[in-house]
Amino acid sequence: MMQEEKPETIPFFKQAIEMVKCIPAGEVTTYGQISLLLSGTVRGARAVGYALAALSEEEGKVVPWWRVVNVRGRISNSNSHHGATRQRALLEDEGIEFGPDECIDLARYGWDGPEGHF
DNA sequence: CTTCTGACTGGGA
DNA sequence: GTCCCAGCCAGAA
């Protein structure tokens with residue numbers, strides 16, 4: 001259920017989080033894709049990463065932040081020592097397969113955005 | 001108001 | 001394919 005009461009009244013910070021919550025299980029997306037859906041430009045990818053970085057543990061259970069990886073199909077976590085290994089386990093649990101170098105096939109698991117929800 | 005940092009991306013070597 | 005450098009956006013001090 002996607003509630004879009006006032007998307008324009010919601011700050012980019014929260015918009016990115018709401019978008020991540022819209023990601024279906026078994027699929028992954030990139031920061032640039034989220035920024036592209038929000039503002040139409042991949043330039044805000046950094047802001048998206050910053051938004052997820054501010055997620056609390058409680059939000060981390062509500063927001064599938066682990067389904068968000070960089071455009072290379074690799075995990076970028078800054079707090080790797082805190083959740084990189086955990087993120088890989090969560091993705092594998094969703095059905096995502098990792099390559100020899102922990103690289104994900106965005107061509108197969110890459111989320112195209114709300115297109116699949118239209 | 002200005003300044004810095006940040007879970008990023010793109011292009012070049 | 002990988003690695004390095006520079007650029008853009010948003011939020012906090």
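Atoms considered below: every heavy atom in the structure, side chains included; atoms not considered: hydrogens, waters and symmetry mates. Residue numbering restarts at 1 for every chain, and letters A, B, ... go by the order of the sequence lines. Predicted model only: the values in this text are computed from it and were never measured.
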Spell out, yes or no, whether V69(A) and L36(A) are grouped together once hydrophobic residues are joined by side-chain heavy atoms under 4.5 Å, including indirect joins. no
Quick one: how far along DNA chain C does chain A reach, first to last nucleotide 5' to 3', anything under 4.0 Å to a heavy atom? dT2(C) to dG11(C)
F13(A) CZ to dG6(B) C1': how many Å, rounded? 11 Å
Listed partners of L55(A) passing side-chain contact (heavy atoms from CB on, under 4.5 Å), at least two apart: I17(A), L52(A), E59(A), V63(A), W65(A)
Minimum-distance pair of heavy atoms, taken over all atoms of A51(A) and A16(A): CB-CB, 4.1 Å
CG of L91(A) to CZ of R86(A), rounded to nearest 0.5 Å, is 11.5 Å
Please report, rounded to the nearest Å, how far the P atom of dG6(B) is from the OH atom of Y50(A). 9 Å
Output a table of nitrogen or oxygen pairs between the protein and nucleotides 9-12 of chain B separated by less than 3.5 Å.
| residue | atom | partner | partner atom | Å |
| --- | --- | --- | --- | --- |
| dT9(B) | OP1 | V71(A) | N | 3.1 |
| dT9(B) | OP2 | V71(A) | N | 3.1 |

Taking all heavy atoms of V68(A) and all of Q87(A), pick out the closest pair and write down the distance. O-NE2, 3.3 Å
Can you tell me how far CD1 of I34(A) sits from CH2 of W111(A), rounded to the nearest 0.5 angstrom? 7.5 Å
What residue pairs, at least two apart or across chains, pass side-chain hydrogen bond (donor to acceptor under 3.5 Å, both in side chains) with a residue in residues 19-32 of chain A? E18(A)-K21(A)
Gap between atoms CD and P, on E57(A) and dA7(B) respectively (whole Å): 17 Å
Using the test side-chain contact (heavy atoms from CB on, under 4.5 Å), find all partners of A47(A) that sit at least two apart in sequence or belong to another chain. F12(A)
Acceptor/donor pairs from residues 94-107 of chain A side chains to any protein atom, 3.5 angstrom cut, sequence neighbours excluded:
| residue | atom | partner | partner atom | Å |
| --- | --- | --- | --- | --- |
| E94(A) | OE1 | G26(A) | N | 3.4 |
| E94(A) | OE1 | R67(A) | NH2 | 3.4 |
| E94(A) | OE2 | R67(A) | NH2 | 3.4 |
| D105(A) | OD1 | A107(A) | N | 2.9 |

Treat a base pair as Watson-Crick or G-U wobble with both distances under 3.5 Å, then lay out DNA chain C in dot-bracket form, 5' to 3', with | for cross-strand pairs. .||||||.|||||
Looking at side-chain heavy atoms only, is the closest gap between V20(A) and P64(A) below 4.5 Å? yes
